[in-house]
Amino acid sequence: MTPELLTQQFINALSLGSIYALLALGLAMVFSVLGMLNFAFGELVTVTGYVMFWLVAAQTSFVTAAIAGVLFATLASMLIEQIAFRPLRRAPFVTLLFSSFAVAVIIQNLIRQLVSPRPQGVPVPNVFDEVWRFGTFQVGVLPMITLGVGLVSLGLLAAFLQRTSWGLAIRAAALDFEVARLMGIRANRVIALAFAISGFLAGVAGVLWVARRGTVTPDMGFVPILKAFIAVVIGGLGNLWGAVLGGFVLAFLEIGLEVLLPNEFRPFTEAFALIAVVIILYVRPQGLISTQSGERV
Amino acid sequence: MADSPALSDVRVINISKSFSGLQALSKVSLTVPTGIIWGLIGPNGSGKTTLLNVISGVLPPDSGEVWLSDTNITALASDRIARLGIARTFQTIRLFKRLTVSENVEAGVMTVERGAIDHRVADLLERFGLTEWASTPAGSLPYGIQRRLEIARALGTRPKILLLDEPAAGLNESESEDLLSVIQGVRSDKEYGCGMLVIDHDLRLIMRLCDQIHVLNEGRTIAEGTPQEVRNHPAVIEAYLGHQNQALP
């Protein structure tokens, strides 16, 4: 493999990894605070896509549509928490799980009924299809934008979590929610904030996802939540930074296999990636970054 | 209903709690005034930790009331109770292990302080001899230091009443002595002084530390009084030793 191709694929892997990392972190954020996997998370990616579809169709610029999509996903996530999860706060884990499935199904079917069950195109700016050339090296604009947006979002979130009181409250609640409450940390606000961050991350990842696909479908949230779930498990369930690491590991596995596998095996890239995930979990069943003695991080 | 309340005391009135038919607490009443160290002792399974869980809002009682000063806190959420002035530590240390010592204390301080959080954190770290560990993850501290940090974190919430659940558990003799002076220091502290309800199995420590002692057995109050009164109480000797012709420490 030439150094040019290697560099290109490395950037592709980083770019895809930053989307997976955003998705995984969004899923892990709610899990670490509530101990619940929110299966409606993928639908936040979907609603981001449809908000963008409507706004771009109404001649709004792609950037404005993207910002609106992220804002809508953030608000939708907070609304879902208020309607579907807050009334069930003391309910068993399985009840919350079913509630999240119900939300996912309702959103998908609403879109099928109100918009269309068929794919809808979202025109993306032409610049996304261009490449930047540096001598013999060339990199796609979209992977670079994706990488930049992904890293900036992760950086901002890291700064928020590390440098603000609310960030500390979330980290403490993620470690031990009961003790955090007993220290006076306001449970409802921390949970609402975790859902808001989760929605924001789903929104940013949704914009990048739509920019890669160029279409939206009612079930488009399935693959993102599947990738997020795999990344979260690789990183160590409930571990925020483990989820980020898991996202990048999964992307490097997928891109690496796509490059290395012989042509006749390439249709099975995802299957091979999942086998690699199984091997990782066989060696480290607790994930790459383990939590200590049963605590959630 | 309670009588007219004293300032910042916690009053437990006829609290009962059962788990799957097992009566953990049966009409237990006690009052812990501020500035007093109150001991809560009893054999294993006597309901001590359950009572702390009820007072701090972790468990709702089946019946009875808990008051903090003139506020009925029985049905309040645990975070609200903490902000009203009841803080606690745990039988098995429950620090935020991946957060630093400084962040652990800040997690307590920030729920009640609006400004000067850093100053308050630094002050608590210094008072509890934790300054040199400030940037260390709490999970990697020596056990005795973790116990001290748990108390510092709880005091960061500026409690009116501090509930200490077996603070000397797992400590050696010198660490227990060290902790004893820390707790006594808190009582006499002008800034952080508060009432304390202390559970411990180390009866010598309880007898030395507490002004008053409340004794539970099988979820019921069997005695209450000064350490001397409790030590000589026949029901207490019976509960601990099974017969009355021996003495408690």
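Treat the numbers as computed from the prediction; the structure is a model and nothing was measured. Residue numbering restarts at 1 for every chain, and letters A, B, ... go by the order of the sequence lines.
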Any chance you could measure A:D176, atom CG, to B:F90, atom CZ, to the nearest 0.5 Å? 7.0 Å

Kindly compute the distance separating CZ (A:R181) from OG (B:S56), expressed to the nearest 0.5 Å. 11.5 Å

Acceptor/donor pairs from residues 184-201 of chain A side chains to any protein atom, 3.5 angstrom cut, sequence neighbours excluded:
unit_1: A:N188; atom_1: OD1; unit_2: A:R89; atom_2: NH1; d: 2.9
unit_1: A:N188; atom_1: OD1; unit_2: A:R89; atom_2: NH2; d: 3.4
unit_1: A:S198; atom_1: OG; unit_2: A:G26; atom_2: O; d: 2.8

Given a strict heavy-atom distance threshold of 4.5 Å, which part of [X] is in contact with chain A: side chain, backbone, both, or neither?
X      : answer
B:T157 : side chain
B:R80  : neither
B:I81  : neither

Determine whether more than 12 heavy atoms belonging to other residues, nucleotides or ligands lie under 6.0 Å from atom [atom1] of [X].
X      : atom1 : result
B:F19  : CZ    : yes
A:F98  : CZ    : no
A:F252 : CZ    : yes

For B:E103 and A:Q162, work out which heavy atoms get closest and say how close. OE2-NE2, 4.4 Å

[Y] and [X], any side-chain heavy atoms less than 4.5 Å apart:
X      : Y      : result
B:R98  : A:N239 : yes
A:E178 : B:R94  : yes
A:L182 : B:I86  : no
A:L175 : B:K97  : no

Assert top hit (heavy-atom pairs under 4.5 Å, partner chain B, pool A:A180, A:A169, A:A172) equals A:A172

For residues 106-116 of chain B against chain A, heavy atoms under 4.5 Å, the residues are B:E106, B:A107, B:G108, B:M110, B:T111, B:R114

Apply the test side chain to side chain contact (heavy atoms under 4.5 Å, CB included) to residues B:R153 and A:V179: give CA-CA distance (whole Å), side-chain angles for both, the deciding distance (0.1 Å), then the verdict. CA-CA 11 Å; B:R153 181 181 66 177; A:V179 172; 3.5 Å; yes

